[in-house]
Amino acid sequence: EMTSSLVGSEMCIRDRFCGSDTTLAGALGSILTERGETLATAESCTGGNIAHEITRVAGSSVYFKGSVVAYSNEVKIRVLNVSSETLSGFGAVSRETVLQMVSGVQRLLSSDCAIATSGIAGPGGGSVEKPVGTVWIAVRYGERSEAECFCFEGDREQVIARATQSALLMLIQLMTK
């Protein structure tokens, strides 16, 4: 579940950029529009939900280049240029994989910034090492990348929603450092 610090950060960012009734996708859109910059996403466990949230914002076509839903390892390798050695050595749900996904989609779609997710939304597919709710998120702005592992509680839809909001928030925080 989102920690209180994440929730506090989200409220602060929304107030700073757009007012408390604005979504994180709207706040990110304001930043991108103001800077004339673009965004791309590479999504596995979120299945396009981040792109959906971004495109719900009117005017997002100005800054959103597109998304690759890389649900299979084959797409991660062939489209996003994730190495098969990374996938076999660390697994799809890993820091190494999301960092390659985020740089791959940034390069593929020629965007200024990017978001990537890979995880286990459930209800099945978890293990002791990577339980259901484990999600790796990577964000990239220019040449700077950050990745973080989350363990979200809840059902499949809640894991996807929480991963989506956390990814948007991570990119905003990287862009406003």
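FYI, the numbering just counts along the sequence from 1.
Between the side chain of E146 and the backbone N or O of V139 there is no donor-acceptor pair closer than 3.5 Å. A donor-acceptor pair under 3.5 Å links the side-chain atoms of T134 to the main chain of P131, judged by distance alone. Q100 places no side-chain N or O within donor-acceptor distance of the main-chain N or O of T86, the cut-off being under 3.5 Å. Under the 3.5 Å distance criterion, the side-chain polar atoms of K65 are left unmatched by any main-chain donor or acceptor of T38. A donor-acceptor distance shorter than 3.5 angstrom exists from the side chain of Q158 to the backbone of D155, with no hydrogens or angles considered.
Pairing each heavy atom of V132 with each of G124, the nearest pair is CG2-O, 3.9 Å. Residue L109 comes nearest to A40 through the heavy atom pair CD1-CB, 3.7 Å, listed as atom of the first residue, atom of the second, then distance. Considering all non-hydrogen atoms of both residues, Q106 and A114 come closest at CB-CB, 4.0 Å. When every heavy atom of A92 is checked against every heavy atom of S118, the shortest pair comes out as O-OG, 2.8 Å. In this structure, I77 and S84 approach most closely via the heavy-atom pair CD1-CB, 4.0 Å. Closest heavy-atom contact between I137 and A163: CD1-O, 3.6 Å.
Cluster annotation: V98 is not connected to L171 through the hydrophobic network of ILVMFWY side chains, with a link wherever side-chain heavy atoms come within less than 4.5 Å. The cluster map of Ile, Leu, Val, Met, Phe, Trp and Tyr, joined by side-chain heavy atoms under 4.5 Å apart, puts L169 and L174 in the same cluster. At a threshold of 4.5 Å between side-chain heavy atoms, the hydrophobic network of Ile, Leu, Val, Met, Phe, Trp and Tyr places W136 and L99 in two separate groups. L108 and V75 fall within a single hydrophobic cluster, where Ile, Leu, Val, Met, Phe, Trp and Tyr are joined by side-chain heavy atoms under 4.5 Å apart, directly or via other members. With hydrophobic clusters built from ILVMFWY side chains whose heavy atoms lie under 4.5 angstrom apart, L80 does not share a cluster with Y141.
If you take CD1 on I31 and CD on E37, they are separated by 10.0 Å, rounding to the nearest 0.5 Å. A distance of 13.5 Å separates CZ in R140 from CG in L39, rounded to the nearest 0.5 Å. With rounding to the nearest 0.5 Å, the separation of SG in C45 from CD1 in I120 is 9.0 Å. Interatomic distance, CZ of F150 versus CE of M170, reported as 5.5 Å (0.5 Å rounding).
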Decide yes or no on side chain to side chain contact (heavy atoms under 4.5 Å, CB included) for E53 and L24, but give the supporting numbers first. CA-CA 9 Å; E53 288 300 313; L24 282 174; over 6 Å; no
Please report the C-alpha distance between N73 and V82 in whole Å, then the side-chain angles of each, then the deciding distance to 0.1 Å, and finally whether the side chain to side chain contact (heavy atoms under 4.5 Å, CB included) criterion is met. CA-CA 9 Å; N73 284 348; V82 174; over 6 Å; no
Dump the intermediate steps for side chain to side chain contact (heavy atoms under 4.5 Å, CB included) on I115 and L168, then the final yes or no. CA-CA 8 Å; I115 295 170; L168 294 168; 4.2 Å; yes
Please report the C-alpha distance between D112 and Y63 in whole Å, then the side-chain angles of each, then the deciding distance to 0.1 Å, and finally whether the side chain to side chain contact (heavy atoms under 4.5 Å, CB included) criterion is met. CA-CA 10 Å; D112 297 297; Y63 52 82; over 6 Å; no
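In the displayed structure, R35 atom CZ is contacted under 6.0 Å by more than 12 heavy atoms of other residues, nucleotides or ligands.
The list of salt bridge (charged side-chain N to carboxylate O under 4.0 Å, His left out) pairs with a residue in residues 75-86, not counting sequence neighbours, reads E74-R78. Pairs engaging residues 87-99 under the side-chain hydrogen bond (donor to acceptor under 3.5 Å, both in side chains) rule: S94-T97 [sequence neighbours left out].
No option in T117, T46, N49, T41 other than N49 meets the side-chain hydrogen bond (donor to acceptor under 3.5 Å, both in side chains) test with T164.
Under the 4.5 Å side-chain criterion, counting only non-hydrogen atoms from C-beta, M175 is in contact with L28.
Residues passing the salt bridge (Lys or Arg N to Asp or Glu O under 4.0 Å) test with R156: none are found, sequence neighbours excluded.
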